[in-house]
Amino acid sequence: IKAMGWPREVQQCRLVESTRFVFLGTVIDTVEQSFSLPASRAERLTSQTRDLVNATAIYDWVPAREVAQLLGLLWAASPCCPRGVAVMCRGFIATLTAEMRRSVYDPALNDGPNRHSASTSTLLRRILATFWDGTVAWSDDAAADLAFWAGVDFFNLSAPISADTMEVA
């Protein structure tokens with residue numbers, strides 16, 4: 001391998017039999033035929049959920065970036081909770097979308113979502129410049145989603161490997 005000029009990572013690779021391994025942040029167990037979360041990811045999801053629950057108990061507005069981070073973590077955990085993420089994150093997505101429409105589209109320019117006066121790059125610049133560092137109004141639907149995820153035990157979350165878990169939501 002060394003003579004072939006392969007990268008150092010490949011040269012140090014060892015092939016060993018394994019029935020349990022982490023692939024793209026998901027533990028795949030071939031004996032149990034299941035997907036589950038590694039402890040580090042389960043801890044991060046638990047922590048992010050707890051932090052957002054605490055923030056929403058005090059404020060009606062929460063940082064957009066924190067909602068998006070939790071949404072991303074949940075989406076990455078979707079093999080362990082098939083269909084659950086697609087259904088129980090709709091409130092988060094609706095909250096982010098509504099606030100994005102309010103803060104990004106400029107009514108003075110009449111460049112709403114169905115208008116063509118503002119270019120896509122202009123809208124993207126506005127999103128990157130203002131939206132993610134701003135806050136979003138917390139909706140009842142988002143609160144219901146958060147209450148659901150606050151009750152999930154991420155350390156024991158798993159799903160069987162089947163056609164259902166492999167479907168794209």
Counting only heavy atoms not in Asn54, do more than 12 sit closer than 6.0 Å to its CG atom? yes
Any side-chain heavy atom of Leu157 within less than 4.5 Å of one from Ser36? no
Once rounded to the nearest 0.5 Å, what's the spacing between atom CZ of Phe35 and atom OG of Ser158? 11.0 Å
Minimal non-hydrogen separation, Gln48 against Glu66, with atom names: NE2-O, 4.1 Å
Short side-chain donor-acceptor distance under 3.5 Å, Asp153 and Asn156: yes
Is it possible for you to say whether Leu70 and Tyr59 belong to one hydrophobic cluster, with membership spreading through side-chain heavy-atom contacts below 4.5 Å? no
Do Trp138 and Trp61 sit in one hydrophobic cluster, given that two such residues count as connected whenever their side-chain heavy atoms are within less than 4.5 Å of each other, even indirectly? no
Are any non-hydrogen side-chain atoms of Leu45 and Leu74 less than 4.5 angstrom apart? yes
Do Leu24 and Ile161 share a hydrophobic cluster (ILVMFWY, side-chain heavy atoms under 4.5 Å, transitive)? yes
Approximate separation, where rounding is to 0.5 Å, of Asp145 CG and Asp140 CG: 11.0 Å
Please round to the nearest 0.5 Å and tell me the distance separating atom CZ of Phe92 and atom OG1 of Thr97. 13.0 Å
Test item: Ser40 and Arg44 side chains (from C-beta on) under 4.5 Å apart, heavy atoms: no
Whether Thr46 side chain and Ala42 backbone form a donor-acceptor pair below 3.5 Å: yes
Single-linkage hydrophobic cluster Val53~Phe155, side-chain heavy atoms < 4.5 angstrom: no
Minimum heavy-atom distance between Cys80 and Ala159, given as atom pair plus value: O-CB, 3.6 Å
If you take all heavy atoms of Ala64 and Val136, which pair is closest and at what distance? CB-CG1, 3.8 Å
Is any side-chain heavy atom of Arg90 less than 4.5 Å from a side-chain heavy atom of Asp141? no
What do the steps show when you test Leu52 against Val62 for side chain to side chain contact (heavy atoms under 4.5 Å, CB included), and what is the final call? CA-CA 8 Å; Leu52 204 52; Val62 294; 4.3 Å; yes
Do Leu37 and Val27 have side-chain heavy atoms sitting under 4.5 Å apart? no
Are the side chains of Cys81 and Trp149 in contact, using a 4.5 Å heavy-atom criterion? yes
Would you indicate whether the side-chain heavy atoms of Pro38 and Arg41 approach each other to under 4.5 Å? yes
Distance only, no hydrogens: is a donor on one side chain within 3.5 Å (strictly under) of an acceptor on the other, for Ser139 and Thr95? yes
